[in-house]
Amino acid sequence: MYEVVLADIEQHAKKAIDNPESFYKELMKKVEGRSSKDTIEVIKELETLKSRNAELDKMFVSTYEDKSKGILSEKRFLMLSESIEKEQSDILGKIATLEKRLEGAGSKARKVEEFAQEIRQYAEITELTDEILHAAYKELGVSEA
């Protein structure tokens, strides 16, 4: 096991030094492969929610105009505007949540870049030390058992 881990670290470090752009692209493909489907779904849902939010703005304006013209009673206007405001509030909360998820996807790219830079320092290692293993655990976000 020791030899396998050491060889793997050396192999990745060599790739990172010899062809950093290719190494970075390879890592990004792996990360994106897992998250691109989710990202596309989040973007579609965001577009839908933003479109609905714009529709609700128009509905409120129309409702206000109908009240101003005397077409709607005060009671009916208050009921409709309250309903529109509640739906908009819910939508804005969902939009904020989804936008945070998209920001998380951007942070993955930064983590890949940081990992690509970090691995280069291990190109010439000849043995695994506790320090190297601790750093690897930390980079991977794995808690040591």
Side-chain angles (χ1 to χ4, degrees), residues 1 4-123 125 128-145:
M1 177 76 157
V4 172
V5 172
L6 182 60
D8 189 54
I9 291 172
E10 289 172 339
Q11 177 188 8
H12 284 91
K14 184 168 175 29
K15 279 184 190 177
I17 288 172
D18 292 346
N19 195 344
E21 187 175 318
S22 174
F23 181 70
Y24 178 76
K25 285 180 181 177
E26 185 180 319
L27 287 176
M28 281 306 296
K29 267 187 191 176
K30 290 178 182 178
V31 170
E32 287 173 355
R34 292 182 211 141
S35 65
S36 66
K37 187 176 182 180
D38 183 52
T39 300
I40 291 168
E41 290 174 7
V42 168
I43 290 170
K44 284 181 182 179
E45 188 174 352
L46 260 174
E47 289 172 357
T48 301
L49 289 170
K50 287 180 178 182
S51 176
R52 179 61 181 160
N53 192 49
E55 287 174 16
L56 290 170
D57 281 338
K58 290 176 185 175
M59 285 174 58
F60 183 79
V61 169
S62 177
T63 303
Y64 182 76
E65 288 172 351
D66 287 350
K67 186 212 178 284
S68 297
K69 293 176 187 173
I71 297 172
L72 279 177
S73 68
E74 180 73 21
K75 182 179 178 183
R76 191 64 83 178
F77 169 75
L78 291 173
M79 182 189 73
L80 289 171
S81 62
E82 184 179 317
S83 174
I84 291 169
E85 287 178 9
K86 173 155 180 13
E87 186 176 350
Q88 274 192 312
S89 176
D90 292 345
I91 286 174
L92 292 173
K94 289 176 184 176
I95 288 173
T97 300
L98 293 174
E99 286 176 341
K100 282 184 183 177
R101 282 178 61 187
L102 285 179
E103 287 175 21
S107 73
K108 287 179 186 176
R110 284 189 301 278
K111 286 182 181 180
V112 166
E113 178 61 31
E114 289 170 7
F115 176 76
Q117 289 175 0
E118 181 83 19
I119 193 77
R120 289 183 188 107
Q121 75 182 8
Y122 300 115
I125 64 169
L128 288 176
T129 63
D130 285 342
E131 181 182 324
I132 292 170
L133 289 174
H134 289 295
Y137 278 114
K138 182 181 173 194
E139 276 300 315
L140 296 171
V142 177
S143 62
E144 298 174 62

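For this chain, numbers begin at 1 and follow the sequence in order.
The backbone N or O of Met79 lies less than 3.5 Å from no partner atom in the side chain of Ser83, so there is not a single donor-acceptor pair. A donor-acceptor contact shorter than 3.5 Å is absent between the side chain of Ser51 and the backbone of Glu47.
The structure places OG1 of Thr48 at 12.0 Å from CD1 of Ile43, a figure rounded to the nearest 0.5 Å. To the nearest 0.5 Å, atoms CG (Leu72) and OG (Ser81) are separated by 10.0 Å. Interatomic distance, NZ of Lys50 versus CG of Leu92, reported as 10.5 Å (0.5 Å rounding). Residue Glu55 holds its CD atom at 11.5 Å from CD1 of Ile84, rounded to the nearest 0.5 Å. Once rounded to the nearest 0.5 Å, the distance linking CG of Asp90 with CD1 of Ile95 reads 11.0 Å.
Scanning all heavy atoms of the two residues, the minimum distance from Asn53 to Ile91 falls at CB-CG2, 4.1 Å.
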Pair up each side-chain donor or acceptor in residues 58-69 with any protein partner under 3.5 Å, not counting sequence neighbours, and list the distances.
residue: Thr63; atom: OG1; partner: Met59; partner atom: O; Å: 2.7
residue: Lys67; atom: NZ; partner: Glu74; partner atom: OE1; Å: 2.9
residue: Ser68; atom: OG; partner: Tyr64; partner atom: O; Å: 3.0

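Gln88 and Asp57 are linked by a side-chain donor-acceptor pair at a separation below 3.5 angstrom, with hydrogens and angles left out of the test.
For Glu45 and Lys94, the salt-bridge test fails: no basic side-chain N is under 4.0 Å from an acidic carboxylate O.
You'll find the side chain of Leu46 reaches within 4.5 Å of the side chain of Leu102, heavy atoms only.
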Query raised in the report: Given Glu41 and Arg101, is the salt bridge (Lys or Arg N to Asp or Glu O under 4.0 Å) satisfied, shown in steps?
Result: CA-CA 11 Å; Glu41 290 174 7; Arg101 282 178 61 187; over 6 Å; no
